[in-house]
Each structure stands twice: as structure tokens, then as C-alpha cells.
A.B. asks: 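Sharing a structure below in C-alpha cells format, with a few things to ask.
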Number of protein chains: 2
Amino acid sequence: MSERDTATETIDLETRLTQDHHQSLKLWLRMLSTTVMIENEIRNRLRAEFDTTLPRFDLMAQLERHPDGLRMGELSKRMMVTGGNITGITDQLEQEGLVMRVSDKQDRRAYSVKLTAAGRKTFKTMASVHEAWVAELLAGLDPEQKNQMISMLSSVKSDLSAGSKHNENE
Amino acid sequence: MSERDTATETIDLETRLTQDHHQSLKLWLRMLSTTVMIENEIRNRLRAEFDTTLPRFDLMAQLERHPDGLRMGELSKRMMVTGGNITGITDQLEQEGLVMRVSDKQDRRAYSVKLTAAGRKTFKTMASVHEAWVAELLAGLDPEQKNQMISMLSSVKSDLSAGSKHNENE
DNA sequence: TATTGTTATACTCTATAACTATA
DNA sequence: TATAGTTATAGAGTATAACAATA
């Protein structure tokens with residue numbers, strides 16, 4: 001153990017807590033501002049290039065990953081928004097012929113939402129351009145750094161999900 | 001150079017680009033969902049504990065860092081929103097006695113917005129609780145990882161600012 | 001003329017709660 | 001009764017553009 005480590009362990013708990021708090025705050029502010037900047041950029045480009053919005057794009061992306069369709073409730077969970085919003089976005093996309101509601105044969109209250117052929121085609125175009133934008137905006141990191149960030153963000157996320165269970169006790 | 005490196009260099013450019021695109025997309029989706037989850041949590045807690053909102057908290061945080069006050073235009077830049085919004089938030093906070101508009105002696109069109117004594121006191125309470133929340137939500141990372149993320153996010157951000165200059169050519 | 005801040009307005013995204021129709 | 005989805009509504013949070021006062 002080096003002298004420096006010994007010195008580090010000498011500082012009292014309160015000081016270490018304060019330092020950790022400051023560091024966490026700094027990280028959070030940087031996460032937030034970076035994400036907002038990228039999000040705004042992508043939002044503007046989606047509007048300008050494809051006349052669409054982030055939630056609409058997101059819903060189609062969910063469906064593309066699930067060719068058998070997703071029920072409204074599943075979309076709601078995955079997109080982290082309440083049901084009414086899913087109805088609204090689905091209505092728009094259905095009107096434009098990009099998605100369709102297919103009634104569930106087992107449960108007549110439920111639908112599966114699927115991409116139409118036109119929706120798949122439209123989404124494919126948008127997705128490849130979108131992916132290139134994201135790669136461009138994250139070009140400041142090399143592949144190794146990206147892997148590191150992906151895994152670090154995972155531990156933050158899993159912590160958050162664990163935390164929400166904790167709230168049930170309140 | 002190891003065999004593995006040689007193999008890596010053997011794959012063609014297109015494949016490597018595709019891999020990078022996928023990885024970037026994965027990272028971006030994780031950044032976005034993690035940030036949204038934390039943001040929602042903080043938003044809810046600010047509402048529940050202090051009956052305030054994120055933009056209001058953010059404006060006060062900006063002022064706390066600048067005791068001499070900030071002009072409306074500076075707040076607008078720092079908070080990445082347009083001027084009209086700053087007017088609205090400032091109006092609310094001024095009405096509650098938390099901030100004040102001080103007219104600029106050099107330029108009679110302009111104000112400096114400052115925290116009042118009450119605003120400083122209120123903010124101090126909120127900020128320390130807020131900081132503890134953030135530390136709690138980011139507890140999944142150790143200090144070394146936090147430092148890494150902070151520096152990686154810096155390179156992303158500086159890249160983004162450079163990119164916006166590029167847009168002037170369009 | 002250009003700039004600082006304000007006003008008025010509208011749009012996107014969201015949550016909530018009451019509702020319908022099934023289960 | 002409970003659940004799947006819809007409807008209606010309200011409220012953040014935002015941008016845009018026309019405006020007044022001043023530079």
C-alpha cells in the first residue's frame with residue numbers, strides 16, 4: 001500500500017462522503033447535459049429529415065425488434081410512458097399506414113401492434129440514418145471506451161430498478 | 001502485435017463500421033434510458049419534497065454558482081432553452097421571493113438575476129438533499145468509474161460543440 | 001440596425017382518471 | 001372484480017415570432 005493510499009484512508013468519513021457527493025453530482029450534471037444535447041440534435045434531425053418525432057421513432061423501433069407484434073401494455077412498459085400516450089402515437093402511425101392493430105384471438109380486449117410492410121420499409125431507412133447520426137455524435141469515444149460506458153451504465157440501471165422495489169416500503 | 005489484432009484488422013471496413021454503429025446505438029439507448037430514469041426520479045422527488053420543478057431548481061443552481069447574478073440571456077444559454085422560458089421561470093421565482101431582478105447600470109435593457117437571502121437559504125436545503133439523492137442513484141459506480149465516465153462524457157460533449165460549428169456551413 | 005428581454009401562442013410529451021369492453 | 005385499452009383533460013416544458021425599450 002503506498003503512502004498516498006494511507007493518506008486517502010486517513011481522511012474522515014464525512015469528508016469522503018462529501019467528496020463522493022460532489023463527484024456524483026458532477027457526473028450527473030455531465031450525463032444530463034450530454035444526453036440533452038444529443039437528444040435535441042436527434043430530435044431536430046428526425047423532424048427535418050423524416051418529419052417524425054422521437055416517441056414515434058421509438059415505438060417503431062420497439063416493433064421492429066418484435067415482428068410478432070407487441071400489445072399496447074407492453075409498449076407502454078418498454079417506452080416508460082402511460083397507456084394513453086401509446087394509444088395516441090399508435091393512432092397517428094396507423095393513420096399513416098405504418099403500423100396496424102391486429103386483434104388478439106385469445107383476448108378480445110387486446111391488440112397486437114405490428115409494423116406494416118410500408119412501416120418496415122420506412123423504418124429501415126430511418127433507422128440506418130439514425131444509427132449513423134448516433135455513431136457520428138459519439139465519435140469522441142473509441143470502441144473500448146464505449147464498451148466501458150455500456151457496462152457502467154448497466155450497473156447504474158440495475159441499481160435503479162432495485163431501488164424502486166425499496167420504495168414499496170414507504 | 002498479437003494474432004487477434006491481426007484478425008481484427010483483417011475484417012473489412014464496412015463490417016467494422018457496422019459494428020461500431022451497433023455499439024454506438026447500444027450505448028446511446030442505454031445513456032438515454034438511464035438518464036430518463038434518474039431524471040424522472042429526481043423530478044418526482046423535487047415535486048414531492050419541495051414542491052418545485054427541475055427547471056426552477058436548475059435556474060437557482062445556476063445563480064448559486066454566480067453570486068453576482070446572471071443576465072437573462074446567460075441563463076438562457078446555460079440552461080439550453082430559449083429566452084421566453086427564462087422569463088417565465090424567473091417570474092415565478094421572483095413572485096415567491098427566491099430571486100430578484102437587479103437592473104444593469106451600464107445597459108438599461110438588461111437585468112441581472114440574483115438569489116435573494118431567502119432563495120439562498122431555500123436552495124441550500126434543497127441542494128444538499130438533491131446531492132444525496134444523486135449520490136444514492138449513482139451508488140452503483142465506484143469513484144474511479146465515476147471519474148472515467150466524467151472524462152469520457154467530456155470528450156463526447158466537446159465533440160458535439162465542435163459539430164455545431166460545422167452546421168453553419170449548411 | 002442590432003440586441004435584451006417580454007409577451008402571446010402553440011405544440012409536444014406526459015400523467016391522471018373516468019370510461020368501455022371484455023375477462 | 002380485475003384487466004386491456006381508450007378518451008378527455010390538464011399541466012409541464014419547450015420553441016417561435018412579434019414586440020418594446022435601449023444600445
Side-chain angles (χ1 to χ4, degrees), chain A residues 32-33 35-37 39-48 50-60 62 69-95 99-114, chain B residues 32-33 35-37 39-48 50-60 62 69-95 99-114:
Chain A
L32 186 56
S33 63
T35 305
V36 167
M37 284 173 75
E39 207 181 339
N40 285 344
E41 188 65 29
I42 291 179
R43 203 189 296 279
N44 289 338
R45 293 187 188 186
L46 280 176
R47 162 80 54 216
F50 299 114
D51 192 30
T52 195
T53 66
L54 214 39
R56 287 169 48 123
F57 180 81
D58 198 15
L59 192 149
M60 293 180 76
Q62 298 293 342
L70 285 173
R71 303 231 304 222
M72 304 299 276
E74 288 176 316
L75 281 167
S76 168
K77 265 186 225 158
R78 285 170 199 278
M79 295 179 62
M80 299 193 277
V81 299
T82 50
N85 303 300
I86 301 296
T87 299
I89 301 171
T90 304
D91 286 349
Q92 291 176 24
L93 293 172
E94 193 176 28
Q95 217 161 0
V99 309
M100 55 185 174
R101 285 176 164 93
V102 180
S103 20
D104 189 308
K105 280 171 187 168
Q106 265 84 57
D107 184 342
R108 290 195 310 183
R109 294 168 307 179
Y111 300 102
S112 273
V113 187
K114 294 184 187 182
Chain B
L32 185 56
S33 62
T35 305
V36 167
M37 284 174 76
E39 208 182 340
N40 286 343
E41 187 65 29
I42 291 179
R43 205 189 293 280
N44 291 337
R45 293 188 189 186
L46 280 176
R47 164 79 54 215
F50 300 114
D51 192 29
T52 195
T53 66
L54 215 38
R56 287 168 49 124
F57 180 81
D58 198 15
L59 192 149
M60 293 180 77
Q62 299 293 341
L70 285 171
R71 304 230 305 224
M72 303 299 276
E74 288 176 315
L75 281 168
S76 167
K77 263 186 225 156
R78 286 170 199 278
M79 294 178 63
M80 300 193 274
V81 299
T82 51
N85 303 300
I86 300 297
T87 299
I89 301 170
T90 303
D91 286 349
Q92 291 176 24
L93 293 173
E94 192 176 29
Q95 217 160 1
V99 309
M100 55 186 173
R101 286 174 164 92
V102 181
S103 20
D104 189 309
K105 281 170 186 168
Q106 265 85 56
D107 184 341
R108 290 195 309 182
R109 294 168 306 178
Y111 299 100
S112 274
V113 187
K114 294 184 187 181

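Order of the sequence lines fixes the chain letters, A, B, ..., with proteins taken first and strands second; residue numbering starts at 1 for each chain. What you are looking at is a predicted structure, and each value in this text was computed from that prediction instead of being measured.
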A.B. asks: With sequence neighbours left out, which residue pairs that include part of residues 71-91 of chain A fulfil the salt bridge (charged side-chain N to carboxylate O under 4.0 Å, His left out) condition?
C.D. replies: A:Arg71-A:Asp104, A:Asp91-A:Arg101

A.B. asks: Quick one: list whatever passes side-chain hydrogen bond (donor to acceptor under 3.5 Å, both in side chains) with A:Gln62, sequence neighbours left out.
C.D. replies: none

A.B. asks: Please compare A:Gly84 and B:Arg71 by the position of their nearest nucleotide in DNA chain C and report the one closer to 5'.
C.D. replies: B:Arg71

A.B. asks: So where does chain A start and stop touching DNA chain D, 5' to 3', when the test is distance under 4.0 Å to a non-hydrogen atom?
C.D. replies: D:dA2 to D:dT7

A.B. asks: Expressed in angstrom and rounded to an integer, what is the separation of B:Leu32 atom CG from C:dC13 atom P?
C.D. replies: 13 Å

A.B. asks: For B:Ser76 and B:Gly83, work out which heavy atoms get closest and say how close.
C.D. replies: OG-N, 3.8 Å

A.B. asks: What pairs with A:Thr82 under side-chain contact (heavy atoms from CB on, under 4.5 Å), at least two apart in sequence or on another chain?
C.D. replies: A:Asn85

A.B. asks: Within the structure provided, determine whether A:Arg45 and A:Glu41 are in side-chain contact (heavy-atom separation under 4.5 Å).
C.D. replies: yes

A.B. asks: By the 4.0 Å heavy-atom rule, please label A:Gly88 as base, sugar-phosphate, or nothing.
C.D. replies: nothing

A.B. asks: Starting at CD1 of A:Ile86 and ending at P of C:dT16, how long is that distance when rounded to a whole Å?
C.D. replies: 15 Å

A.B. asks: Using heavy atoms and a sub-4.0 Å distance, could you list which residues of residues 53-60 of chain B are near DNA chain D? By number, please.
C.D. replies: B:Thr53, B:Pro55

A.B. asks: Quick one: is B:Arg101 getting a side-chain N or O under 4.0 Å of the C:dT6 phosphate, OP1 or OP2?
C.D. replies: yes

A.B. asks: Among C:dT6, C:dA15, C:dG5, which nucleotide has an atom closest to any side-chain atom of A:Asn85?
C.D. replies: C:dA15

A.B. asks: Without decimals, in angstroms, what is the distance between B:Gln106 CD and C:dT4 P?
C.D. replies: 14 Å

A.B. asks: Can you check the B:Glu41 CD to C:dA15 P distance for me, whole Å?
C.D. replies: 14 Å

A.B. asks: To the nearest 0.5 Å, how far apart are CG in A:Leu32 and CD1 in B:Ile42?
C.D. replies: 8.0 Å

A.B. asks: When A:Thr90 is tested against each of A:Leu93, A:Thr87, A:Ile86 for side-chain contact (heavy atoms from CB on, under 4.5 Å), which residue passes?
C.D. replies: A:Ile86

A.B. asks: Write down the distance between CZ (A:Arg43) and P (C:dT12), rounded to a whole number of angstrom.
C.D. replies: 11 Å

A.B. asks: Could you check how far CG of A:Asn40 sits from C1' of C:dC13, rounded to whole Å?
C.D. replies: 14 Å

A.B. asks: In whole angstrom, give the distance that lies between atom CE of A:Met79 and atom C1' of C:dC13.
C.D. replies: 10 Å

A.B. asks: Determine the minimum heavy-atom distance between A:Met80 and B:Met37, stating which atoms define it.
C.D. replies: SD-CG, 3.7 Å

A.B. asks: Pull out every protein N or O sitting under 3.5 Å from an N or O of nucleotides 18-22 of chain C, one pair per line with the distance.
C.D. replies:
unit_1	atom_1	unit_2	atom_2	d
C:dT22	O2	A:Arg109	NH1	3.4

A.B. asks: State which residue, out of B:Thr53, B:Asp51, B:Thr52, fulfils the side-chain contact (heavy atoms from CB on, under 4.5 Å) condition with B:Leu46.
C.D. replies: B:Thr52

A.B. asks: Quickly, which of A:Leu59, A:Val113, A:Val81 forms a side-chain contact (heavy atoms from CB on, under 4.5 Å) with A:Ile89? Name it, please.
C.D. replies: A:Leu59

A.B. asks: Work out which heavy atom in A:Glu39 is nearest to a heavy atom in A:Leu54; give both atom names and the distance.
C.D. replies: CG-CD2, 3.7 Å

